[in-house]
Peer 1: 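I'd like to ask you about the structure that follows.
One-based numbering along the sequence shown.
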Amino acid sequence: MKKGKEFIFPENVDKDYGIWKDYTLKDFGYAVLTGLIGVILIAVPPYGLILILIKIVIVVLAMTVVMAILTIRPVSSRRNIKVRDHFKMKRRYANRQKLFYLKTKKRGDFSALEQNQTKQ
C-alpha cells in the first residue's frame with residue numbers, strides 16, 4: 001500500500017542562504033552591523049591616543065565575540081545547528097509551562113494528613 005510521495009531531507013539542510021563556507025547572509029549582516037557600530041564608537045570624541053586604543057580594543061573584542069558566536073557549532077555532528085539557535089531553544093524550554101504528573105490515589109486509601117485528622 002503506497003502512502004504517497006515521500007521526501008527525505010538530509011540532516012545538513014538549512015533554510016538560510018549560504019554565501020561563503022558556513023556563513024549565511026544573516027551572519028554577514030550581524031558582522032557588518034557590529035563593524036558599523038564599532039566604527040561609530042571609534043568616531044565619537046574624545047580622540048586621545050589612549051582612548052582611541054581602548055576603543056579599538058573594545059571593537060576588536062566585540063567583533064571576535066560576534067564571529068565566535070556565528071562560527072561555533074554546539075553539536076559537532078550537526079552542522080546546521082548554530083549557537084544562536086541552541087541558546088534560543090534553551091530559553092524557550094526554560095520559559096515554557098512544565099507538566100508535572102502526580103501519583104494517583106487509590107480509592108479508600110487515606111493520605112498521611114487525613115489519617116492524622118481521623119485520629120484526633
Peer 1: Report whether L49 and L41 are members of the same hydrophobic cluster (ILVMFWY, side-chain heavy atoms less than 4.5 Å apart, transitive linking).
Peer 2: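 Result: no, two separate clusters.
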
Peer 1: What about V83 and M67, same hydrophobic cluster or not, with Ile/Leu/Val/Met/Phe/Trp/Tyr joined at side-chain heavy-atom distances under 4.5 Å?
Peer 2: no

Peer 1: Treating K98 as the side-chain partner and Y93 as the backbone partner, does any N or O pair qualify as donor plus acceptor under 3.5 Å?
Peer 2: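 At least one qualifying donor-acceptor pair exists.
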
Peer 1: Strictly by salt bridge (Lys or Arg N to Asp or Glu O under 4.0 Å), give each pair with a member in residues 26-52 just once, sequence neighbours left out.
Peer 2: D27-K82, D27-R84

Peer 1: Give a yes or no on whether V32 and V66 share a hydrophobic cluster (residues Ile, Leu, Val, Met, Phe, Trp, Tyr; joining criterion: side-chain heavy atoms under 4.5 Å apart).
Peer 2: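 Per the 4.5 Å side-chain linkage, V32 and V66 are not co-clustered.
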
Peer 1: For I54, what residues pass the side chain to side chain contact (heavy atoms under 4.5 Å, CB included) criterion, not counting sequence neighbours?
Peer 2: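 Here the qualifying residues are I50, I58.
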
Peer 1: Which residues end up grouped with L51 if you chain together Ile, Leu, Val, Met, Phe, Trp and Tyr wherever their side-chain heavy atoms are less than 4.5 Å apart?
Peer 2: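 Hydrophobic cluster check, L51: no partners found.
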
Peer 1: Residues two or more places apart in sequence or in another chain: which of them pass side chain to side chain contact (heavy atoms under 4.5 Å, CB included) with I37?
Peer 2: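 Here the qualifying residues are L33.
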
Peer 1: Report the hydrophobic cluster partners of M89, with the cluster defined as I, L, V, M, F, W, Y residues connected by side-chain heavy atoms closer than 4.5 angstrom, directly or transitively.
Peer 2: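 Cluster partners of M89: none, it stands alone.
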
Peer 1: Once you round to the nearest 0.5 Å, how far does OG1 of T34 lie from CD1 of I69?
Peer 2: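 Nearest 0.5 Å value for the OG1-CD1 distance: 9.0 Å.
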
Peer 1: If you count the non-hydrogen atoms of other residues, nucleotides and ligands that lie under 6.0 Å from CZ in F87, is the total more than 12?
Peer 2: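 Atom CZ in F87 is not packed in, count stays at 12 or less.
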
Peer 1: Closest approach of Y47 and I42, non-hydrogen atoms and distance?
Peer 2: CE2-O, 4.1 Å

Peer 1: Hey, what else clusters with V39 if you join Ile, Leu, Val, Met, Phe, Trp, Tyr whenever side-chain heavy atoms sit under 4.5 Å?
Peer 2: none

Peer 1: Pairs in or reaching into residues 66-75: which pass side chain to side chain donor-acceptor pair (under 3.5 Å), with residues at least two apart or in two chains?
Peer 2: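 Output for this query lists Y23-T71.
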
Peer 1: Nearest 0.5 angstrom please: L61 CG to I56 CD1, how far?
Peer 2: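 One gets 12.0 Å once the value is rounded to the nearest 0.5 Å.
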
Peer 1: Do K55 side-chain atoms and V44 backbone N/O form a donor-acceptor pair below 3.5 Å?
Peer 2: yes

